[in-house]
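Please read these numbers as outputs of a predicted model, since none were measured by experiment.
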Amino acid sequence: MSAVTADRPPAARALTAVFSVFLLNGLVFAAWVSRMPAIRDALGLEPAQMGLVLLVGALGSIVALPLTGAVVERVGTATTTRVAAVVAAAGFGAAALGLLAGSAPAVALALFGATFGIGAWDVSMNLQGTVVERALGRAVMPRLHAGFSLGAVAGAVLGTLAAAAGIGAPVQVAVVVTACAGATLLLVARYLPDGELRAPAPGP
């Protein structure tokens with residue numbers, strides 16, 4: 001760690017870390033979505049069939065969103081983010097294998113796990129964002145959400161470049177998701193303690 005980084009206040013370091021986690025979450029999401037046409041063609045699905053696969057996948061996020069708050073209360077935002085990133089990476093990895101096998105049901109089930117991880121990752125990073133916001137005494141959530149959008153744009157660009165270069169969707173998704181999950185595991189070490197979640201909001 002450099003002297004400049006070490007001299008930064010913990011809240012400032014946490015802000016950079018959480019912004020990066022938001023960005024990586026967006027990148028992971030876009031890594032898959034940006035290759036949707038290739039995925040549909042590889043599975044040989046009609047639009048309605050592809051919609052059903054995506055519907056099954058989306059249910060994972062729907063299930064994760066209401067459950068993650070209780071998980072955070074038990075294990076904290078850092079652990080929840082770590083586990084969620086691993087679950088998302090494993091889910092997308094399994095989806096890539098299902099795609100190679102040409103199995104739409106396998107892809108749908110894997111996407112359920114992937115979006116469950118993405119949903120839990122989303123909730124836990126937002127909760128840590130509120131911790132950082134309270135510690136800094138100023139609004140930072142708009143900046144963090146901009147980080148997600150930036151990551152999504154970057155993921156879409158990477159997907160486009162990979163498609164143009166003839167890189168298969170399974171390879172691209174596996175590489176991007178693994179790299180992003182690994183980086184997230186390191187970044188959450190700079191999260192602030194979750195006790196701030198229950199602290200009163202800063203005064204005027």
Side-chain angles (χ1 to χ4, degrees), residues 21-72 77 80-127 129 141 144-164 167-181 184:
V21 170
F22 268 79
L23 187 150
L24 293 170
N25 184 277
L27 206 159
V28 166
F29 175 76
W32 178 267
V33 174
S34 64
R35 302 304 300 272
M36 203 64 69
I39 293 166
R40 179 199 61 207
D41 294 343
L43 294 174
L45 299 177
E46 298 294 329
Q49 295 172 318
M50 189 64 189
L52 183 59
V53 169
L54 297 178
L55 175 61
V56 173
L59 292 176
S61 180
I62 294 174
V63 172
L65 292 177
L67 297 178
T68 306
V71 174
V72 168
T77 54
T80 304
T81 302
R82 285 192 182 99
V83 173
V86 170
V87 170
F92 280 118
L97 292 176
L99 186 58
L100 288 173
S103 173
V107 170
L109 290 175
L111 284 180
F112 180 92
T115 61
F116 185 96
I118 286 288
W121 184 346
D122 181 82
V123 172
S124 61
M125 70 185 184
N126 271 279
L127 289 174
M141 294 304 293
L144 298 178
H145 290 142
F148 175 88
S149 299
L150 181 62
V153 170
V157 170
L158 284 175
T160 301
L161 293 176
I167 299 173
V171 174
Q172 179 226 328
V173 170
V175 170
V176 171
V177 170
T178 300
C180 289
T184 299

**Message:** With rounding to the nearest 0.5 angstrom, report the CG to CG distance, Leu144 to Asn126.
**Reply:** 8.0 Å
**Item:** Heavy-atom closest pair, residues Gly98 and Val107
**Value:** C-CG2, 3.5 Å
**Complete:** What one should report as the nearest heavy-atom pair of Met50 and Met36 is CE-SD, 3.2 Å
**Request:** On the 0 to 90° scale, with breaks at 30° and 60°, tag the Phe22-His145 ring pair as parallel, tilted or perpendicular.
**Result:** perpendicular
**Message:** How long is the straight-line distance from CG of Leu67 back to CZ of Phe116, given to the nearest 0.5 Å?
**Reply:** 5.5 Å
**Asked** Which atom pair, heavy atoms only, marks the closest approach of Leu99 to Pro170?
**Response** CD2-CG, 3.6 Å
**Request:** Please assess Phe92 against Val176 for the test side chain to side chain contact (heavy atoms under 4.5 Å, CB included), listing each intermediate value before the final yes or no.
**Result:** CA-CA 10 Å; Phe92 280 118; Val176 171; over 6 Å; no
**Message:** Is there a side-chain contact between Val177 and Trp32 in this structure, where contact means two heavy atoms from C-beta onward sitting under 4.5 Å apart?
**Reply:** no
**Asked** Can you tell me how far CZ of Arg35 sits from CD1 of Ile167, rounded to the nearest 0.5 angstrom?
**Response** 8.0 Å
**Message:** The test is side chain to side chain contact (heavy atoms under 4.5 Å, CB included); show your working for Val56 and Leu111 and say whether it passes.
**Reply:** CA-CA 7 Å; Val56 173; Leu111 284 180; over 6 Å; no
**Item:** Identified side-chain contact (heavy atoms from CB on, under 4.5 Å) partner of Trp121 from the options Val28, Thr80, Val87
**Value:** Val28
**Prompt:** Any sub-3.5 Å donor-acceptor pair from Thr115's side-chain atoms to Gly57's backbone N or O?
**Reply:** yes
**Prompt:** Roughly how far, to the nearest 0.5 Å, is CG of Leu23 from OG1 of Thr184?
**Reply:** 9.5 Å
**Message:** Would you compute the distance between atom CG of Leu45 and atom CG of Leu52 and round it to the nearest 0.5 angstrom?
**Reply:** 9.5 Å
**Fill in**
What one should report as the nearest heavy-atom pair of Thr81 and Ser124 is OG1-OG, 2.8 Å
**Prompt:** Which heavy atom in Cys180 sits nearest to a heavy atom in Leu27, and how many Å separate them?
**Reply:** SG-CD2, 3.8 Å
**Prompt:** Heavy-atom distance under 4.5 Å between the side chains of Val153 and Ser149, does that happen here?
**Reply:** no
**Request:** Determine the minimum heavy-atom distance between Ser34 and Gln172, stating which atoms define it.
**Result:** OG-NE2, 4.2 Å
